[in-house]
*Asks:* 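Here it is, the structure, as structure tokens.
Naming: A, B, ... by sequence-line order, numbering from 1 per chain. Quick note: numbers below take in every heavy atom, side chains included, and nothing from hydrogens, waters or symmetry partners.
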Amino acid sequence: MSDEVKKFLYVNRKAPYGSIYALESLEVVLIGAAFEQEVSLAFLDDGVFQLTKGQDTKEIGVKNFSPTYRALGDYDVTKLYVEEESLKERGLGIDDLQYLTYEDEDDDYKEKPSIKVVSRKEMADIMAEQDIILSF
Amino acid sequence: MSTLHIVNKSPFETINLNSCLNHVKEGDSILLIEDAVLGALAQNKLADNISEKLGEISIFALLADLSARGIGRDRLISGIKTTDYAGFVELVANNERTQSWL
């Protein structure tokens with residue numbers, strides 16, 4: 001296999017729990033992290049609901065996998081782009097999302113936020129600079 | 001540096017095509033397959049939005065899926081091209097990346 005590092009973008013456009021896409025995406029991201037590629041995650045449309053805080057799935061009988069997003073930083077998955085227009089259209093803001101962080105090894109292991117809110121235009125630019133796009 | 005965007009759901013049922021149109025870059029192509037070919041119909045509610053984009057991007061509809069749904073080429077938004085499966089492969093090969101709007 002080639003040693004070349006590629007830019008991977010995982011695009012998340014569906015809310016969690018209504019379908020299996022969100023959980024599958026998270027699992028693929030964690031598996032893919034072992035291959036030491038340059039990984040980013042995009043959350044747009046209903047995908048922004050994957051990152052909301054305070055998820056409680058006790059009454060619907062499925063596992064709440066939202067705490068797992070907090071582990072992404074330890075797997076060097078540190079770039080989570082959330083589309084501002086998608087948040088707004090759904091009455092959400094950055095404060096409705098989990099506060100996710102990673103330790104920056106190039107900056108004395110300082111804790112830094114992983115989530116970056118970007119405009120629709122910036123999201124299009126991010127998509128256009130990838131080598132591989134995986135959609136969920 | 002262009003992207004081939006593939007959409008497979010009806011724009012009257014999901015926002016996938018709309019979201020795709022909001023994220024395309026100049027020089028990109030969109031390929032409509034399966035139920036997404038319904039979005040190629042002239043005078044549909046997204047037609048103005050699609051026509052506006054046709055200046056900077058190319059839009060294709062898969063002929064097999066149009067035929068299966070009884071939609072003739074003469075019914076399409078002006079500027080939308082049709083393609084067969086071989087053309088589908090060429091589109092994939094001629095773009096740097098593909099992005100599916102599931």
*Asks:* For A/Arg13, is it the side chain, the backbone, both, or neither that has a heavy atom closer than 4.5 Å to a heavy atom of chain B?
*Replies:*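 Contact with chain B is through the side chain of A/Arg13 alone.
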*Asks:* With rounding to the nearest 0.5 Å, note down the distance linking OG in A/Ser86 to CG in B/Asn22.
*Replies:*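 If I round to the nearest 0.5 Å, the distance is 9.0 Å.
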*Asks:* State, to 0.1 Å, how close B/Ser19 and A/Asp45 come at their nearest heavy-atom pair, and which atoms those are.
*Replies:*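 Nearest pair, atom of B/Ser19 first, then A/Asp45: OG-OD2, 2.6 Å.
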*Asks:* Do you know which two heavy atoms are closest between A/Met127 and B/Arg97, and how far apart they sit?
*Replies:*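 Looks like O-CD, 3.8 Å.
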*Asks:* Identify which of A/Asp125, A/Val11, A/Asp46 forms the greatest number of heavy-atom pairs closer than 4.5 Å to chain B.
*Replies:*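 Winner by heavy-atom pair count: A/Asp125.
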*Asks:* Taking all atoms of both residues into account, what is the closest heavy-atom pair of B/Ser100 and A/Ser135, and its distance?
*Replies:*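 Looks like O-OG, 2.6 Å.
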*Asks:* Is A/Tyr102 reachable from A/Leu80 through a run of I, L, V, M, F, W or Y residues, each pair having side-chain heavy atoms under 4.5 Å apart?
*Replies:*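 No, A/Leu80 does not connect to A/Tyr102 through the hydrophobic network.
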*Asks:* What part of B/Asp28 gets within 4.5 angstrom of chain A, counting heavy atoms only: side chain, backbone, both, or neither?
*Replies:*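 Neither part; nothing is under 4.5 Å.
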*Asks:* For the pair A/Gln130 and B/Glu96, evaluate side-chain contact (heavy atoms from CB on, under 4.5 Å) and give the outcome as yes or no after the intermediate values.
*Replies:* CA-CA 9 Å; A/Gln130 304 298 321; B/Glu96 190 149 9; over 6 Å; no
*Asks:* If you count heavy atoms of other groups shown closer than 6.0 angstrom to CG of B/Asp84, is the number above 12?
*Replies:*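 Enclosed: over 12 neighbouring heavy atoms sit under 6.0 Å from CG of B/Asp84.
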*Asks:* Tell me whether B/Leu32 is reachable from B/Ile6 by hopping between hydrophobic residues (I, L, V, M, F, W, Y) whose side-chain heavy atoms are closer than 4.5 Å.
*Replies:*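 No; B/Leu32 is not reachable from B/Ile6 via cluster members.
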*Asks:* Using a 4.5 angstrom heavy-atom cutoff, name the option from A/Arg120, A/Met123, A/Glu129 with the most pairs to chain B.
*Replies:*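 The residue among A/Arg120, A/Met123, A/Glu129 with the greatest pair count is A/Arg120.
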*Asks:* Is A/Asp131 in contact with chain B via its backbone, its side chain, both, or neither, using a 4.5 Å heavy-atom distance?
*Replies:*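 Contact with chain B: backbone only.
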*Asks:* Establish whether A/Leu23 and A/Val77 are linked, either directly or via other cluster members, by ILVMFWY side-chain heavy-atom contacts under 4.5 Å.
*Replies:*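 Hydrophobic grouping puts A/Leu23 with A/Val77.
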*Asks:* With a 4.5 angstrom heavy-atom cut-off, is it the side chain or the backbone of A/Glu85 that approaches chain B, or both, or neither?
*Replies:*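 No part of it gets close to chain B.
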*Asks:* Would A/Phe136 and B/Leu102 count as a side-chain contact (heavy atoms from CB on, under 4.5 Å) here? Give the steps.
*Replies:* CA-CA 7 Å; A/Phe136 290 90; B/Leu102 301 176; 5.7 Å; no
*Asks:* Pick one of side chain, backbone, both or neither for B/Thr98, based on which atoms fall under 4.5 Å of a heavy atom in chain A.
*Replies:*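 The backbone, not the side chain.
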*Asks:* Please determine whether the number of non-hydrogen atoms from other residues, nucleotides or ligands lying under 6.0 Å from atom CZ of B/Arg75 exceeds 12.
*Replies:*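 12 or below, so no.
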*Asks:* In terms of hydrophobic clustering (I, L, V, M, F, W, Y; side-chain heavy atoms under 4.5 Å; direct or indirect links), are A/Tyr75 and A/Ile115 co-clustered?
*Replies:*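 Both belong to a single hydrophobic cluster.
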*Asks:* Taking atom NZ of A/Lys121 as the centre, does the number of heavy atoms from other residues, nucleotides or ligands within less than 6.0 Å exceed 12?
*Replies:*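 Check fails, neighbour count at 12 or below.
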*Asks:* Chain B heavy atoms under 4.5 Å from A/Leu44: which part of the residue, side chain, backbone, both or neither?
*Replies:*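 Only the side chain of A/Leu44 comes within 4.5 Å of chain B.
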*Asks:* Same cluster for B/Ile33 and B/Leu38 if Ile/Leu/Val/Met/Phe/Trp/Tyr side chains link at under 4.5 Å?
*Replies:*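 In one cluster: no.
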*Asks:* Look at atom NZ of A/Lys116 and say whether more than 12 heavy atoms of other residues, nucleotides or ligands are closer to it than 6.0 Å.
*Replies:*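 For A/Lys116, atom NZ is not crowded (no more than 12 foreign heavy atoms under 6.0 Å).
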